[in-house]
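Single-structure report; data block below.
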Amino acid sequence: MNEAVVSEMPHDASRTQSGTHSGYSYAFLDELTKKSVRRAILKAVAVPGYQVPFGSTELPIARGWGTGGLQVTLSLIGPGDVLKVIDQGSDDSVNAVNIRQLVELTAPGVDTTAATEEATIIQTRHRIPEAPLHADQIMVFQVPLPEPLRVVERRESETRRMHAEADYGRIWVALYEDVVQHGRITRSAGYPVVVNGRHVMTPSPIPKWDVPRLHQAPFLSLFGAGREKRIYAVPPLTDVVPLAFDDYPFAIEDFDGAHCARCGSDDTFLVEVPQPDGSSVMSCSDESWCEARRTERGQS
Amino acid sequence: MSAIATLPTEMVRHDHVASRNAEQIALKVENLEAQYGRGCSACHELTGPEHSTNVCGQCGTVIACADVSFAVRAGRTLGIVGESGSGKTTVLRCLYGDLNPAGGTASLMTYEDGRANLFTASAQVRRRVRNFDMGMVYQHARDGLNLRISAGGNVAERLLAAEWRRVDQIRARAGHLLERMEIPRSRMDTPPSAFSGGMQQRVQIARALANGPAVVLLDEMTSGLDVSVQAGVLDLVLELQRTEGVAMVVVSHDLGVIRLLCERTMVMKNGRVVESGLTDQILEDPRHPYTQLLVSSVNA
Ligand SMILES: Nc1ncnc2c1ncn2[C@@H]1O[C@H](COP(=O)(O)OP(=O)(O)OP(=O)(O)O)[C@@H](O)[C@H]1O
Ligand SMILES: [Mg+2]
Ligand SMILES: [Zn+2]
């Protein structure tokens, strides 16, 4: 176990309040559930990229809406924490708002924010914020499908054996076939990576743009899959290397010089935003970043 | 990055090839035993040629092979003959790691200089030895090939498992091997499900040889091949014996194949070795009654 990493987590078990609010346990989950989630997290941190099974519980949010990530967040959070929740870069989606409200309701002493630099815990679906993150922040990813080998192997017993033996020939062949058929690797969201030189892992459906930011990152990344009951982790300062060939290297999305129609950034992950007149413009996917840039420019 | 991937294709040889000494024992097996079933204390006593069965009369366990010992020197080929069900495939599957033996040892020149027992190595180490040092041609192509990916992909999988990371080199090597197997490069991106049985078998051979392994296991490699194609395959195997220093174990019903390829031969019956020695001696002057029957039935 990496002691340094654990003690750097903002809230260990002993600090979490056991007081209740509105008839719920602190942060909704009962203490036993939180303990078992924390145990899974510790194991995940100890074996980077390895999927740790855990006893996923029911939450007042439908599975597939981030219950895995939410259980991780609720098990870690405590008074003094500041939580940011984003859904594909947006702090204002229904899903993000619901999760924030649940925490506000059940975890007194926790603040919520849209400002990336203020957050101690950032729960996310499909993005990493553009702003640089630091060592005392934790990223919590919502993961729909945790198994990167599922595309080549249906059977769980077999994918487990493949991970145990580092038998990754078949996922490599899938990339080879992709190149042969399309002249390039077409995989984009959830691009497979090798963690710490050992386990093949899916970084959840983040764009390729975000993948290099996991490599030797100063922050801890935790991945929670509620439906499939798996937790995995990338500890700080860990190698995260995308699967690619020397002659077909990994490349992030290329926006071909486009910039954000709202803030003017040409160095962020852009998405197409449909306009009322039927046309569309490119705009930062990270809305809080975009907002901050616009404010900055307004002031100068 | 492995050093082999940076070598020109025609020069690609396994790291260990340079150190392969023709007189060195490449593969040594002692007292290999494999069973289907739980076994009892009487299994060993109640099975074998003197009982004309490999099924234990007391507990019903199949003693698929027992007391099997042999050694193969680099560049040499051992033949295994014997009636259907005598345990030939079982021996190969144990060596390749598809089946866990109940007892015995196997050492490989390329693994810990032949001083360690491969059977007690961790699953990850066994997988690595298999990926880098071994090749296998299965009796049934469906066991040895993925029929949904391309023929080239099937060969590529072995190269990728041995950490080749350049698509151009992988394609050059796979194309070259398939061409030697008389499969034109134009068919290399076709799935072998579209091929005849004989062609599938040839894809398997190309796949088994891909990494320049130290040991190649061939289970009925010529069965189902046209006579003309058989000749080509046998020529290739003869050439490999001359040039690559590969140790081979050839299982075949065809005593002509055994006579052509194997200096030494082992005869199995009911899971045991009943006779072994120089192939010429065994075929000209068989000692064991079963071998006499086998030889006379072919000569008749
Ligand atoms: N999965 C299995 N379960 C139970 N028994 C098995 C299994 N596979 C093989 N056997 C038995 O083990 C014994 C050895 O089988 P093996 O396939 O090694 O024979 P073989 O010499 O290769 O035969 P053939 O020439 O027909 O290929 C046979 O009696 C067979 O019936
Ligand atoms: Mg067989
Ligand atoms: Zn028995």
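Chain identifiers are assigned alphabetically (A, B, ...) following the order of the sequence lines, protein sequences preceding nucleic acid strands; residue numbering begins at 1 within each chain.
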Whether A/D247 side chain and B/V167 backbone form a donor-acceptor pair below 3.5 Å: yes
Measure the shortest side-chain to side-chain distance between [X] and [Y] over non-hydrogen atoms and say whether it is less than 4.5 angstrom.
X: B/E157; Y: A/Y176; result: no
X: A/R170; Y: B/I149; result: no
X: A/F245; Y: B/L160; result: yes
X: B/R127; Y: A/R161; result: yes

Proximal component of A/Y168, with respect to chain B [non-hydrogen, under 4.5 Å]: neither
Region of B/I170 that comes under 4.5 Å of a non-hydrogen atom in chain A: side chain
Chain A neighbours within residues 117-126 of chain B, where any heavy atom lies under 4.5 Å away: B/A123, B/Q124
Stepwise side-chain contact (heavy atoms from CB on, under 4.5 Å) check, B/M188 with A/V180: CA-CA 10 Å; B/M188 136 177 209; A/V180 168; over 6 Å; no
Selection from B/S150, B/A156, B/A161 maximising heavy-atom pairs under 4.5 Å formed with chain A: B/S150
